[in-house]
Structures are given as structure tokens and as C-alpha cells.
Amino acid sequence: MFPDFHTHNLQATDATINLPLEWTLHPEQFQPREGATYSAGIHPWWTDDEARTRQMLQALPQLLRHPQVVALGECGLDALRGASLDEQERIFRLQIRMAEALGKPVTLHIVRCFDRLLRLHKELRPTTQWTVHGFRGKPALAKQLLQAGLDLSFGIHYNQQSWDITPEGRRHKESDDL
């Protein structure tokens, strides 16, 4: 068995478990399992409600300070769902500031926004590691992301050539929703 970089399975072991919306809204309800590790962030799909987004932005620092929350994410940009891309980018930038302040690596959900992601990575110059989760792209995009300093995480569906060109220390395996 491999360490699972990213899953939504709350019962998973040897995995980083992505916290669901309800705990992101209500961090006081977060009851971590002993020995488990978690990631917490505002998924771009959750950004389509302003009041809910404000609530999550207020709650997120509390979750990120928990010692079992080892990463921020998943967060990112999705051209197909969520708020406008400008609003998603605003929320993304706020989350990146939190990750930087707390020294947390970032797990990214990116759909049809890799140009924006590369621009933001270059502009923000993060000191924490950013990893694109569920990467399915072609080798040319993989090379671009790797050259920019991002890591890649691969789920059950992926491009074998992209996997092959990703250095072992910079590629991760994940179960995501399985």
C-alpha cells in the first residue's frame, strides 16, 4: 500500500484526508481520529455562495492551526464550477496567504485554469509546496508545471507519459473519491 496523498474517505488510513464542507463551515465539529492527518481548504466549487464563503474564510485559520491538519486544500480554480474565476482567484489568494503564514503545503484543484495557476505561482512566489491533485494532463503541461516548481499527484485515471516524466520525489498517488 502507498501513502495516499489525497482522499475524501474519512475512514482512510495512511492518507491525507480532505475535510468536508461541513467541517470547513463548523470547525468546532472537527473530531480528528488519533494518528490521522488532514487537509482543509475552500474548494472552488464551494465559492458560489458569498455568505458561506465568508464563513469558511473566518473558520479556516482555526482548522489550519490544528496539529493534525498538515496541508491547505483542496483549493484552487475551476473554470466549470463555482464563483466567477476572478472571485475564485481572490479566495485562492487569501488561502495562499494563510498557507504561507502557517507554513502549510497546498493541494490544488485546477480545471482549465493552468495558465492562471502558473501566473499566480510566478507572482506569489510561494515558500510552501504546491501540488496539483488528480493530474491527468499531457506531458507538455506536466513539464511546464514541474519546471515552475509544482508537484503532481495522480489518481486512478492519468496520462502514463506524464507519470513517467515526473520525478519520483515530486509525484504522488491518491485515491481521491474512491
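Rounding to the nearest 0.5 Å gives a distance of 5.0 Å between CD1 of Ile96 and SG of Cys75. Separating the CE atom in Met56 from the CZ atom in Arg52 is a distance of 5.5 Å, to the nearest 0.5 Å. To the nearest 0.5 Å, atoms CG (Asn18) and CD (Glu174) are separated by 10.0 Å.
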Criterion side chain to side chain contact (heavy atoms under 4.5 Å, CB included) on Gln144 and Leu118, from CA distance to verdict: CA-CA 9 Å; Gln144 257 191 305; Leu118 288 164; 3.7 Å; yes
Could you walk me through whether Ile165 and Lys143 satisfy the side chain to side chain contact (heavy atoms under 4.5 Å, CB included) test, starting with their C-alpha distance in whole Å, then the side-chain angles of each, then the deciding distance to 0.1 Å, before giving a yes or no? CA-CA 8 Å; Ile165 67 165; Lys143 283 180 190 175; 3.5 Å; yes
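In this structure, Leu94 is a member of the same hydrophobic cluster as Trp130, with clusters built from ILVMFWY side-chain heavy atoms closer than 4.5 Å. Both Leu124 and Leu145 sit in one connected hydrophobic cluster of ILVMFWY residues. Membership requires side-chain heavy atoms under 4.5 Å apart, directly or through other members. Leu25 is connected to Trp23 through a chain of hydrophobic side-chain contacts under 4.5 Å among Ile, Leu, Val, Met, Phe, Trp and Tyr, so both are in one cluster. One hydrophobic cluster holds both Leu102 and Val69 under the rule that ILVMFWY side chains link at heavy-atom gaps under 4.5 Å. Cluster membership for Leu21 and Ile42, using ILVMFWY side-chain heavy atoms within less than 4.5 angstrom, is shared.
Looking only at side-chain heavy atoms (C-beta outward), Leu152 and Tyr158 stay at 4.5 Å or farther from each other. Between Met98 and Pro61 there is a side-chain heavy-atom pair separated by less than 4.5 Å. For the pair Asp4 and His172, the minimum side-chain heavy-atom distance is 4.5 Å or more. Leu108 has its side chain within reach of Leu117: a pair of non-hydrogen atoms, C-beta onward, lies under 4.5 Å apart. At least one side-chain heavy atom of Leu141 sits less than 4.5 Å from a side-chain heavy atom of Phe135. Within the 4.5 Å cutoff, the side chain of Gln55 has heavy atoms near those of the His26 side chain. Here the side chains of Tyr38 and Phe30 are in contact, with some heavy-atom distance below 4.5 Å. The side-chain heavy atoms of Leu150 and His121, taken from C-beta on, include a pair separated by under 4.5 Å.
Contacts of Arg90 classified as salt bridge (charged side-chain N to carboxylate O under 4.0 Å, His left out), with partners at least two apart in sequence or in another chain: Glu87. For Asp164, there are no salt bridge (charged side-chain N to carboxylate O under 4.0 Å, His left out) partners at least two apart in sequence or on another chain. Contacts of Glu123 classified as salt bridge (charged side-chain N to carboxylate O under 4.0 Å, His left out), with partners at least two apart in sequence or in another chain: Arg93, Arg119. In this view, Asp78 satisfies the salt bridge (charged side-chain N to carboxylate O under 4.0 Å, His left out) rule with no residue, not counting sequence neighbours. Legend: residues meeting side-chain hydrogen bond (donor to acceptor under 3.5 Å, both in side chains) with Ser84, ordered by chain and number and at least two apart, are absent.
Within a 6.0 Å sphere centred on CD of Gln161, other residues, nucleotides and ligands contribute 12 heavy atoms or fewer. Remark: Glu50 CD is loosely packed, at most 12 non-hydrogen atoms of other residues, nucleotides or ligands lying under 6.0 Å away.
Side chain of Ser162 to backbone of Gly137: a donor-acceptor contact under 3.5 angstrom is found. Looking only at distances, a side-chain donor or acceptor of Arg170 sits under 3.5 Å from a matching main-chain atom of Leu146. Judged purely by atom type and a 3.5 angstrom limit, Thr128 has no side-chain atom pairing as donor or acceptor with the backbone of Ala99. Formation of a donor-acceptor pair under 3.5 Å by the Gln88 side chain with backbone atoms of Arg81 is found in this model. Of the possible donor and acceptor atoms, none in the side chain of Arg65 sits under 3.5 Å from a partner among the backbone N and O of Leu60.
Nearest heavy-atom pair across Leu19 and Thr24 is O-OG1, 4.0 Å. Between Cys113 and Leu85 the shortest heavy-atom distance is SG-CD2, 3.6 Å. Nearest heavy-atom pair across Ala15 and Thr7 is CB-CG2, 3.7 Å. Closest non-hydrogen pair, Gln129 versus Gly149, comes out as NE2-O, 2.9 Å.
Inspection of the Ser39 and Glu74 side chains reveals no N or O donor paired with an N or O acceptor under 3.5 Å. Residues Thr127 and Glu100 bring a donor and an acceptor atom of their side chains to less than 3.5 Å of each other.
With respect to Arg116 and Asp86, a salt bridge is recorded, a charged nitrogen being found less than 4.0 Å from a carboxylate O.
The side chain to side chain contact (heavy atoms under 4.5 Å, CB included) test with His6 singles out one residue from Thr131, Ile17, Asp176, Thr16, and that residue is Asp176.
For the ring-ring contact (aromatic ring centres under 6.0 Å, His included) condition, the pairs that include at least one residue of residues 97-116, sequence neighbours left out, are His43-His109, Trp45-His109.
Taking the ring centroids of Phe5 and His133, they lie at or beyond the 6.0 Å cut-off.
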